[in-house]
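Letters go in sequence order (proteins before strands), and every chain restarts at 1.
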Protein chains: 2
Amino acid sequence: MTDEVPRRRGRPPAGGREAILAAALQLLRERGIARVTSREVAALAGVSEASVFYHYKDRTGLLQAVFEQGLEPLQALSSGGMLSGADLHDVLTRFADTLDEFLEQALPVMSAALSDTALRDVMAAYMTAQDLGPHRGVAALGDYLAAEQAAGRVRAGVDPHAAAMLFVGACYTRAAQRQMPARVNELPPLENIIRATEELLRPGPV
Amino acid sequence: MTDEVPRRRGRPPAGGREAILAAALQLLRERGIARVTSREVAALAGVSEASVFYHYKDRTGLLQAVFEQGLEPLQALSSGGMLSGADLHDVLTRFADTLDEFLEQALPVMSAALSDTALRDVMAAYMTAQDLGPHRGVAALGDYLAAEQAAGRVRAGVDPHAAAMLFVGACYTRAAQRQMPARVNELPPLENIIRATEELLRPGPV
DNA sequence: GTCTATAGGTTGATAGAC
DNA sequence: GTCTATCAACCTATAGAC
């Protein structure tokens with residue numbers, strides 16, 4: 001242990017890389033990708049612009065890291081931990097809540113990549129490599145519904161993965177619309193969607 | 001009638017405004033909003049940069065016009081012309097096709113507005129003023145399903161607008177995923193979704 | 001790893017002639 | 001309405017000292 005060296009002030013030098021990434025992600029979500037500039041990122045992170053390029057090489061490198069970090073919570077989704085229990089209403093509610101939470105974080109990141117074809121290609125490559133996308137949620141819920149169908153708790157004769165797609169699609173669309181806050185555009189409340197899905201999947205009197 | 005004055009070459013001077021708008025929309029769809037710069041727009045439209053600002057005042061003004069033009073085909077959707085007939089399968093197919101076509105055009109425009117909060121506000125105001133959004137499609141299909149339900153051709157006890165939301169959501173999500181071409185991410189084919197929806201809505205044996 | 005300073009390029013926007 | 005010419009602002013990226 002040496003004497004305490006007076007730090008320059010503020011953030012410890014070691015956290016630079018993480019601070020830059022966090023700042024970039026925050027800027028992207030709060031103000032849009034057009035505002036994710038080296039200047040604003042550096043200012044928010046409390047470092048110099050040169051640090052940004054030192055750690056991430058160039059703007060594309062930084063945004064690639066932002067994409068990976070911003071999409072990381074998807075792992076929680078594909079684990080499918082919330083898909084247990086025999087009460088369809090509960091399962092759908094938990095699933096929708098988890099999906100909502102994820103999309104709230106991930107949708108701004110995903111749509112940001114569409115602002116430039118070069119960025120879109122970067123993100124598409126990452127999603128392909130990691131096998132990410134809405135199909136993960138559809139597959140997870142679809143598998144659950146298929147099992148329930150086999151157990152006789154879900155109406156027979158219905159493609160469980162297509163049914164899952166309907167439910168995931170509704171959640172996705174609601175989340176997407178929240179990104180564009182035109183308050184007039186009101187969609188049916190989540191509760192009605194869950195109830196309708198339940199009702200549609202309930203085994204009929206045979 | 002005076003003598004024929006030799007035109008400078010190429011496009012007639014009168015079409016400048018429209019050419020600029022068309023070029024901007026094309027650039028936005030093909031390369032992303034980050035490439036919709038005054039320079040590239042002017043070059044593609046075959047006019048000078050100054051013309052862009054003369055006609056649309058500033059970049060925001062141009063993009064506002066692009067948004068309005070890019071979302072205009074929504075009118076076809078809300079008219080609900082494709083929602084007639086008693087064969088649910090046909091109606092769903094026609095509806096999905098129309099929605100797909102619209103989203104193919106409109107989604108790149110809508111997501112572009114998310115790249116910057118200032119632009120997002122401009123588009124949100126326009127969508128609010130014109131009452132645009134996914135809720136239009138949901139309302140149109142929901143009303144149709146409600147009528148079919150009253151006629152006994154759709155299962156009773158199901159919220160028709162919530163059911164419409166499920167179907168519209170699936171179409172929307174498929175279209176959104178097409179924007180991010182990660183080929184691995186495969187969702188159930190449209191036909192399966194239509195069939196499942198049909199099956200779910202079919203009146204059960206009571 | 002972090003900084004200051006700066007190069008070099010692109011962009012939005014205006015002035016003024018035609 | 002359209003052009004050429006020009007600018008100030010901004011942005012990415014690098015060099016070199018510490």
Side-chain angles (χ1 to χ4, degrees), chain A residues 2 5-25 27-28 31-67 112-113 115-119 121-122, chain B residues 2 5-25 27-28 31-67 112-113 115-119 121-122:
Chain A
T2 61
V5 185
R7 305 279 176 184
R8 278 222 190 134
R9 214 196 286 192
R11 179 183 322 280
R17 191 181 167 88
E18 293 73 24
I20 290 166
L21 185 54
L25 190 52
L27 273 175
L28 183 129
R31 319 194 63 182
I33 194 174
R35 303 295 280 271
V36 182
T37 66
S38 48
R39 261 190 180 72
E40 295 214 45
V41 169
L44 185 57
V47 301
S48 72
E49 282 187 70
S51 274
V52 175
F53 293 97
Y54 171 78
H55 284 294
Y56 295 99
K57 187 180 178 229
D58 56 17
R59 185 174 193 256
T60 300
L62 173 60
L63 289 175
Q64 184 158 5
V66 168
F67 292 162
S115 68
D116 190 322
T117 44
L119 290 177
D121 293 346
V122 166
Chain B
T2 61
V5 185
R7 304 279 177 186
R8 279 219 191 140
R9 215 197 285 191
R11 179 182 323 278
R17 191 181 166 90
E18 293 74 24
I20 291 166
L21 185 54
L25 190 51
L27 274 175
L28 180 111
R31 321 194 62 182
I33 193 173
R35 303 295 280 271
V36 182
T37 65
S38 49
R39 267 188 175 71
E40 293 213 49
V41 168
L44 184 57
V47 301
S48 72
E49 282 187 72
S51 275
V52 175
F53 292 97
Y54 171 78
H55 284 295
Y56 295 98
K57 187 182 179 230
D58 55 18
R59 186 175 191 254
T60 300
L62 172 61
L63 289 175
Q64 184 159 5
V66 169
F67 292 163
S115 67
D116 189 323
T117 45
L119 289 178
D121 292 347
V122 166

[X] to [Y] - nearest heavy-atom pair and separation:
X	Y	answer
A/V122	A/T60	CG2-CG2, 4.0 Å
A/I33	A/S115	CG2-OG, 3.5 Å
B/S38	B/V52	O-CG2, 4.2 Å

Could you list the residues that satisfy side chain to side chain contact (heavy atoms under 4.5 Å, CB included) with [X], not counting sequence neighbours?
X	result
A/A113	A/F67, A/M123, B/M180
A/A50	A/S48
B/A65	B/L21, B/Y56
B/A34	A/D116

Subject >> Minimum side-chain heavy-atom gap B/V66-B/V36 below 4.5 Å >> reply: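 The answer is no; the side chains never approach within 4.5 Å.
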**OP:** Check every strand shown and say whether A/S48 touches a base, only sugar-phosphate, or nothing at a heavy-atom separation below 4.0 Å.
**Re:**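 Base contact.
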**OP:** Any chance you could encode DNA chain D as dot-bracket? Rule is Watson-Crick or G-U wobble with both distances under 3.5 Å; [ ] for pairs crossing earlier ones, | for another strand.
**Re:** ||||||||||||||||||
Original post:
Which of the following nucleotides, C/dG12, D/dT12, D/dA15, is nearest to the side chain of A/E49?
Top reply: D/dT12
Original post:
Between D/dA15, D/dT4, C/dA13, which nucleotide has the shortest distance from any of its atoms to the side chain of B/F53?
Top reply: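 So the side chain of B/F53 is nearest to C/dA13.
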What integer distance in Å separates [X]:[atom1] from [N]:[atom2]?
X	N	atom1	atom2	result
A/I20	C/dC3	CD1	C1'	12 Å
A/Y56	C/dG1	OH	C1'	13 Å
A/E18	C/dG1	CD	C1'	12 Å
B/D116	C/dG12	CG	P	12 Å
B/R17	D/dG1	CZ	P	9 Å

**OP:** Kindly state each residue pair satisfying salt bridge (charged side-chain N to carboxylate O under 4.0 Å, His left out) with at least one member in residues 34-45 of chain B, sequence neighbours excluded.
**Re:** B/R31-B/E40, B/R35-B/E40, B/R39-B/E49
Subject >> All pairs passing salt bridge (charged side-chain N to carboxylate O under 4.0 Å, His left out) where residues 52-66 of chain B contributes a residue, at least two apart >> reply: none
Subject >> Sub-4.0 Å heavy-atom contacts from residues 31-39 of chain B onto DNA chain D, ordered by number >> reply: none
Subject >> Within residues 57-65 of chain B, residues whose heavy atoms come under 4.0 Å of DNA chain D >> reply: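 The answer is none.
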**OP:** Output the distance between atom CG (B/L63) and atom CG (B/L25), rounded to the nearest 0.5 Å.
**Re:** 10.5 Å
**OP:** Between B/A50 and A/Y54, just flag the one whose closest nucleotide in DNA chain C comes earlier from the 5' side.
**Re:** A/Y54
